[in-house]
Amino acid sequence: IVDSSGEVIGIDYDSEMVEQANEKAKHASLSHVSHHQLDIEKESIPYPDGYFDGIRCERVFQHLKNPKSVLEELKRVCKDDGWVVVIDTDHSTRSIDTDES
């Protein structure tokens, strides 16, 4: 949980998603939350080394051509004692068991 004394920064490839997320944050009066468009495979994250206390990355790595370089970039902008959490679902191993046809 990050209160208004902290800062939450979201990064997404899709500019429409960024616009929607910024609108939602604005309507929720979350002035400490911002979102930015970035192609993480082609651009560096525009923050200095060790800037973030923690990073959460969800459903991104499955789409990357060079995940190792992206992970290195995430590690670069995270503090040495911070956390980089990457969550990706392996949809190819998902199975559903049901009696319905």
Side-chain angles (χ1 to χ4, degrees):
I1 297 174
V2 178
D3 64 22
S4 59
S5 66
E7 183 179 20
V8 177
I9 299 167
I11 295 174
D12 197 295
Y13 176 82
D14 187 329
S15 59
E16 284 187 39
M17 293 294 289
V18 169
E19 186 178 324
Q20 290 176 15
N22 280 328
E23 282 299 314
K24 286 182 179 183
K26 180 180 175 182
H27 282 67
S29 298
L30 298 173
S31 60
H32 64 293
V33 176
S34 63
H35 304 86
H36 309 277
Q37 193 279 329
L38 180 79
D39 183 344
I40 196 164
E41 287 196 284
K42 296 179 181 175
E43 304 170 74
S44 297
I45 298 172
Y47 291 92
D49 295 359
Y51 185 83
F52 294 99
D53 294 318
I55 296 171
R56 180 177 182 268
C57 182
E58 184 175 349
R59 293 175 286 171
V60 173
F61 275 64
Q62 61 190 307
H63 303 287
L64 300 176
K65 292 177 183 168
N66 191 352
K68 185 176 180 181
S69 68
V70 172
L71 182 58
E72 290 301 318
E73 179 65 2
L74 296 177
K75 289 169 43 180
R76 179 189 70 78
V77 295
C78 192
K79 293 179 179 173
D80 288 339
D81 62 347
W83 286 80
V84 174
V85 178
V86 175
I87 305 163
D88 264 27
T89 303
D90 182 357
H91 295 286
S92 66
T93 61
R94 176 180 63 183
S95 63
I96 299 172
D97 183 21
T98 179
D99 293 334
E100 294 182 21
S101 306

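Because the structure is predicted, anything quoted here is derived from the model rather than measured.
Between Glu41 and Lys65, the shortest heavy-atom contact is OE2-N, 2.8 Å. Residues Val85 and Ile87 share a closest heavy-atom pair of CG1-CG1, 4.0 Å. Leu74 and Ile45 get closest at one heavy-atom pair: CD2-CD1, 3.8 Å. Contact detail for Thr89 and Gln62: the closest heavy-atom pair is O-OE1, 3.9 Å. Between Ile40 and Val70, the closest heavy-atom pair is CD1-CG1, 3.7 Å.
Cluster membership check: Val86 shares its hydrophobic cluster with Val60, using side-chain heavy-atom separations under 4.5 Å among Ile, Leu, Val, Met, Phe, Trp and Tyr. One hydrophobic cluster holds both Phe52 and Val84 under the rule that ILVMFWY side chains link at heavy-atom gaps under 4.5 Å. Linking ILVMFWY residues whenever their side-chain heavy atoms come closer than 4.5 Å, directly or via other members, places Leu38 and Leu64 in the same cluster. Clustering ILVMFWY residues whenever any of their side-chain heavy atoms sit less than 4.5 angstrom apart, transitively, puts Tyr13 in a cluster other than the one holding Met17. Under the 4.5 Å side-chain heavy-atom criterion for grouping Ile, Leu, Val, Met, Phe, Trp and Tyr, Ile55 is connected to Phe61 within one hydrophobic cluster.
Within the structure, side-chain hydrogen bond (donor to acceptor under 3.5 Å, both in side chains) pairs that include any residue of residues 42-59 comprise Glu7-Tyr51, Asp49-Arg76, Asp53-Lys79, Arg56-Glu58 (at least two apart or interchain).
Within 6.0 Å of atom CG in Asp80, 12 or fewer heavy atoms from other residues, nucleotides or ligands are found, so the atom counts as exposed in its surroundings. When the shell of 6.0 Å around NE2 of His63 is examined, it contains more than 12 heavy atoms from other residues, nucleotides or ligands.
In this view, Lys24 satisfies the side chain to side chain contact (heavy atoms under 4.5 Å, CB included) rule with no residue, not counting sequence neighbours.
Between Ile9 and His36, some side-chain heavy-atom pair lies under the 4.5 Å cut-off.
Under a 3.5 Å cut-off, the side chain of Asp12 and the backbone N or O of Val18 do not form any donor-acceptor pair.
Note: Asn22 CG to Leu30 CG = 11.0 Å, rounded to the nearest 0.5 Å.
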